[in-house]
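Structure record follows, encoded as structure tokens.
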Amino acid sequence: MRTPIAMTAKVALSQSHTWLPAAEMTHISVISVWTAIFDGVPQDSQLIFADHVGRFYARQYGFPPMAGRLLGYLFVCDPPQQTIDELSDALLASRSAITGAVKLLENYRMARRTRATGERVDRVSLNPASQQPQNFDSAIHDEHAALFREGLALLAEAPPERRAPLEEMVALAEFLGERLPTLLDEWHTHRDELRASGKLPTPGG
């Protein structure tokens, strides 16, 4: 793992009891900056971003913190394909913790494992499918509506205020089932326009 700039400089100075010549100090500074930069991106910044993503996904979706951190790191790491050992070193986590996080992200179609010909290890990367809108399948919301209607049937004789929560959930599910496919079509049209104008890169391009 790379060493932050301040730590590298501190170690360098602590090993000398005298002031170093300016040329040597400049050399140390250059080495420190190079050590702290990982393929053009400060690794400390990568880890801070990973932590932010981890906290967000834990708060909003109940993800285990490591799964969210791994997802965040996969967005910004270079190369974008990483082995379990590389991820373990970068995120300061055990191999078992990383493997568990990978499995969870695979279940959500957010990450995938691939293996190049001749290699003996899998490489983990973002799943391109994760960039597509999720939960836009109207069938899911139709099923929700049917489920809530089943609950309403149990409250057939109940007063209106008792039925109100389920009736509103039915209405919401029906609304989403009707509108989301149209919204998805609109997104695809908008995305294609952005790609055609060069404002959004084309995958693989």
Side-chain angles (χ1 to χ4, degrees), residues 1-4 7 34-144 176 180-181 183-192 194-196 198-205:
M1 181 173 176
R2 272 56 176 181
T3 306
M7 185 178 298
W34 177 258
T35 303
I37 301 296
F38 183 61
D39 291 327
V41 180
Q43 193 179 27
D44 285 353
S45 299
Q46 292 177 329
L47 296 180
I48 290 172
F49 173 72
D51 286 340
H52 290 170
V53 175
R55 287 197 293 270
F56 176 83
Y57 273 80
R59 183 178 70 251
Q60 295 296 330
Y61 304 112
F63 270 37
M66 181 52 66
R69 291 185 70 225
L70 174 60
L71 179 63
Y73 187 68
L74 289 175
F75 272 112
V76 295
C77 64
D78 195 3
Q81 297 84 23
Q82 300 272 320
T83 67
I84 295 293
D85 285 339
E86 289 170 341
L87 293 170
S88 176
D89 289 342
L91 295 174
L92 304 178
S94 66
R95 293 185 84 260
S96 61
I98 296 296
T99 299
V102 170
K103 288 180 179 178
L104 187 144
L105 294 181
E106 285 180 317
N107 289 338
Y108 282 94
R109 299 176 63 202
M110 292 180 170
R112 65 176 181 176
R113 281 185 262 201
T114 56
R115 182 177 298 190
T117 303
E119 285 193 333
R120 294 187 176 184
V121 294
D122 292 332
R123 294 189 178 273
V124 181
S125 62
L126 291 175
N127 186 349
S130 66
Q131 300 170 26
Q132 301 304 313
Q134 305 296 315
N135 298 327
F136 274 68
D137 185 356
S138 61
I140 296 175
H141 302 289
D142 292 342
E143 187 174 352
H144 272 156
L176 293 174
L180 286 181
L183 184 60
L184 182 59
D185 289 340
E186 292 176 358
W187 158 244
H188 286 157
T189 298
H190 181 61
R191 179 198 61 190
D192 292 344
L194 291 175
R195 288 176 176 174
K199 295 179 180 179
L200 193 67
T202 302

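Residues Leu74 and Leu87 meet the side-chain proximity criterion, which asks for heavy atoms closer than 4.5 Å. Between Ser125 and Arg112, some side-chain heavy-atom pair lies under the 4.5 Å cut-off. Taking 4.5 Å as the limit, some side-chain heavy atom of Val124 sits within range of a side-chain heavy atom of Ile84. Between Val53 and Leu70, the closest side-chain pair of non-hydrogen atoms is not below 4.5 Å. By the 4.5 Å heavy-atom criterion applied to side chains, Asn127 and Met110 are not counted as neighbours. Counting heavy atoms from C-beta on, the side chains of Arg113 and Lys103 come closer than 4.5 Å.
Atom-to-atom distance recorded for His190:NE2 and Leu200:CG is 8.5 Å, nearest 0.5 angstrom. Here Thr202 contributes atom OG1 and Leu194 contributes atom CG; the two are 10.5 Å apart, rounded to the nearest 0.5 Å. Expressed to the nearest 0.5 Å, how far OG1 of Thr114 lies from CD of Gln81 amounts to 6.0 Å. For the atom pair CD (Gln43) and SG (Cys77), the distance works out to 10.0 Å, reported to the nearest 0.5 Å. If you take CE on Met66 and OG on Ser96, they are separated by 9.5 Å, rounding to the nearest 0.5 Å.
Summarising the geometry of Asp122 relative to Arg115, their closest heavy-atom pair is OD1-NE, 2.9 Å, with the distance given to 0.1 Å. For the residue pair Phe49 and Gly72, the shortest heavy atom distance occurs at CE2-O, 3.3 Å. Looking at every heavy atom in both residues, Asp78 comes nearest to Gln46 through N-NE2, 4.5 Å. Closest approach of Leu176 to Pro181, counting heavy atoms only: O-CD, 4.0 Å. Scanning both residues, Ala93 and Ile98, for their nearest heavy atoms gives CB-CD1, 4.0 Å. Of all heavy-atom pairs spanning Ala101 and Ala67, the tightest one is CB-CA, 3.7 Å.
Ring geometry for Tyr57 against Phe63 counts as tilted: the plane angle lies between 30° and 60°, on a 0 to 90° scale.
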Please walk me through it: do Leu126 and Leu71 pass side chain to side chain contact (heavy atoms under 4.5 Å, CB included)? CA-CA 8 Å; Leu126 291 175; Leu71 179 63; 3.7 Å; yes
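Applying the 6.0 Å contact sphere to CD of Glu143 captures no more than 12 heavy atoms from other residues, nucleotides or ligands. Arg109 CZ: 12 or fewer foreign heavy atoms inside a 6.0 Å radius. A 6.0 Å sphere centred on OH of Tyr108 holds no more than 12 heavy atoms belonging to other residues, nucleotides or ligands.
Considering Arg123, Arg120, Arg95 in turn, Arg95 is the only one that fulfils the salt bridge (Lys or Arg N to Asp or Glu O under 4.0 Å) rule with Asp85.
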